[in-house]
K.L.:
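Attaching a single structure in C-alpha cells format; questions to follow.
Here the structure is a predicted model, which means the values were calculated and not measured. Remember, it's 1-based here, ligands and their atoms both numbered in the order they're listed. For the single chain, residues carry numbers from 1 onward in sequence order.
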Amino acid sequence: MKITNEQNDIERVLYTEKAIAARVEALGAEITEAYKGKMPIVVCILKGASFFYTDLCRSIKTDIYMDFISVSSYGSDSKSSGVVRLVKDINTNITGRDVILVEDIIDSGLTLNYLKDFFGARRPSSFKTVCLLEKEGRKNNAFQADYLGFRIPNEFVVGYGLDYADHYRNLPYIGVLKKECYEN
Ligand code: PRP
C-alpha cells in the first residue's frame, strides 16, 4: 500500500462536490414526493454512506425517522471478503413501517442482497433502497436500487464517504484511486 497525499493519489475526479450536491438534491425531491405524510425510517449503512445520508436527509422535505446500521465485507482490503458481517443493528422496530435504506455503492451487490433479506424478515410495510453509485459491467451484480445517483465505470473509487482501508473518506468529491495506491 502506497498512500502519499490524498489529492496526489487520485487519478481523476468523477463527480465534483457541486455535481454530487445537485444529484442528491434531485433524489431528495423524488423521495419527498413519494413519502409525504408517511414518516419513513431512513437507515444509513455505515460508514461509507454517511455523507450521502446526511446530505440526502437534509434534502428530504418531509418528516423522517433516522437510524443507522453498520455492516462490513471489505475490511481493509480492496476486494470483498464475500461475507457480510453485522457490526451494529438499528434501534427501531420496523415492522409495519416504511423503510428506506441508504447505501453509497453497489459493487458485487452482496451487501444490499444481504440487507434486503435481513430487513425483509422483520416485515416492514415497504422497503426501498437508495444508492449513490452503481458499478456498471459487473457480472454478479444482481441488485437494483430503487433510487440511483450515478452509474460509474468499474474502477476503484474513493471520497465522499468511500474509502480504501479507511483512507480518503473525507475527500469532498468522488474520484478514481490510482492503482499504485492499492496494488502491490
Ligand atoms: C462497502 C460499501 C458498500 C459495500 C458495497 O462497504 O460501503 O457498503 O462495500 O460492496 P458490495 O456491493 O460488493 O457488497 P464496506 O464493507 O467496505 O464498509 P464501509 O461502508 O464501512 O466502508
K.L.:
By side chain to side chain contact (heavy atoms under 4.5 Å, CB included), which residues pair with R122, not counting sequence neighbours?
P.N.:
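Partners of R122 by the side chain to side chain contact (heavy atoms under 4.5 Å, CB included) criterion, ordered by chain and then number, come out as D89, I90, I94, F118.
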K.L.:
List every atom of ligand 1 that sits less than 4.0 Å from any heavy atom of L46, numbering the atoms from 1 in the order shown and giving each element.
P.N.:
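Close to L46: 20 (O), 21 (O).
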K.L.:
Enumerate the salt bridge (charged side-chain N to carboxylate O under 4.0 Å, His left out) contacts for residues 26-43, please, sequence neighbours excluded, ordered by first and then second residue.
P.N.:
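Checked against salt bridge (charged side-chain N to carboxylate O under 4.0 Å, His left out) - neighbours excluded - the pairs reaching residues 26-43 are E33-K36.
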K.L.:
May I ask you to check whether I105 has an N/O atom sitting below 3.5 Å from an N/O atom of ligand 1?
P.N.:
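So ligand 1 has no N or O lying under 3.5 Å from an N or O of I105.
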K.L.:
Quick check on contacts: which atoms of ligand 1 are under 4.0 angstrom from a heavy atom of S72?
P.N.:
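Counting atoms of ligand 1 from 1, those under 4.0 Å from S72 are 16 (O).
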K.L.:
When you compare the side chains of Y168 and D9, does any donor N or O come within less than 3.5 Å of an acceptor on the partner?
P.N.:
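Checked: Y168/D9 side chains pair up, N/O donor to acceptor below 3.5 Å.
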K.L.:
Could you work out, for atom 7 (O) of ligand 1, the closest of D104, T111, V71 by heavy-atom distance?
P.N.:
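Looking at heavy atoms only, D104 sits closest to atom 7 (O) of ligand 1.
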K.L.:
Quick one: OG1 on T92 to CD1 on I69, what's the gap to the nearest 0.5 Å?
P.N.:
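These two atoms lie 10.0 Å from each other.
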K.L.:
What about I45: any of its N or O atoms under 3.5 Å from an N or O on ligand 1?
P.N.:
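No, no N or O pair falls under 3.5 Å.
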K.L.:
Taking only heavy atoms of D163, which atoms of ligand 1 are found under 4.0 Å from at least one of them?
P.N.:
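Checking each atom against D163, I get 22 (O).
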K.L.:
What atoms of ligand 1 come closer than 4.0 angstrom to any heavy atom of G109?
P.N.:
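Per the distance check, 11 (P), 12 (O), 13 (O).
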K.L.:
If hydrogens are left out, which of E103, K47, K135 has an atom nearest to atom 3 (C) of ligand 1, that is, the closest non-hydrogen atom?
P.N.:
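Nearest heavy atom to atom 3 (C) of ligand 1 lies in E103.
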K.L.:
Can you confirm if the aromatic rings of Y15 and F150 lie within a centre distance of less than 6.0 Å?
P.N.:
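Between Y15 and F150, which both carry aromatic rings, the centre distance is below 6.0 Å.
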K.L.:
Atom CG in L132, atom OH in Y53: separation rounded to 0.5 Å?
P.N.:
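The CG atom of L132 sits 15.5 Å away from the OH atom of Y53.
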K.L.:
Taking atom types as modelled and ignoring hydrogens, do the side chains of Y160 and D55 form a donor-acceptor contact shorter than 3.5 angstrom?
P.N.:
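Indeed, the side chains of Y160 and D55 share at least one donor-acceptor pair under 3.5 Å.
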K.L.:
Applying a 4.0 Å heavy-atom criterion (strictly less than), which segment of R85 is in contact with ligand 1: side chain, backbone, both, or neither?
P.N.:
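Looking at R85 and ligand 1, no heavy atom falls under 4.0 Å.
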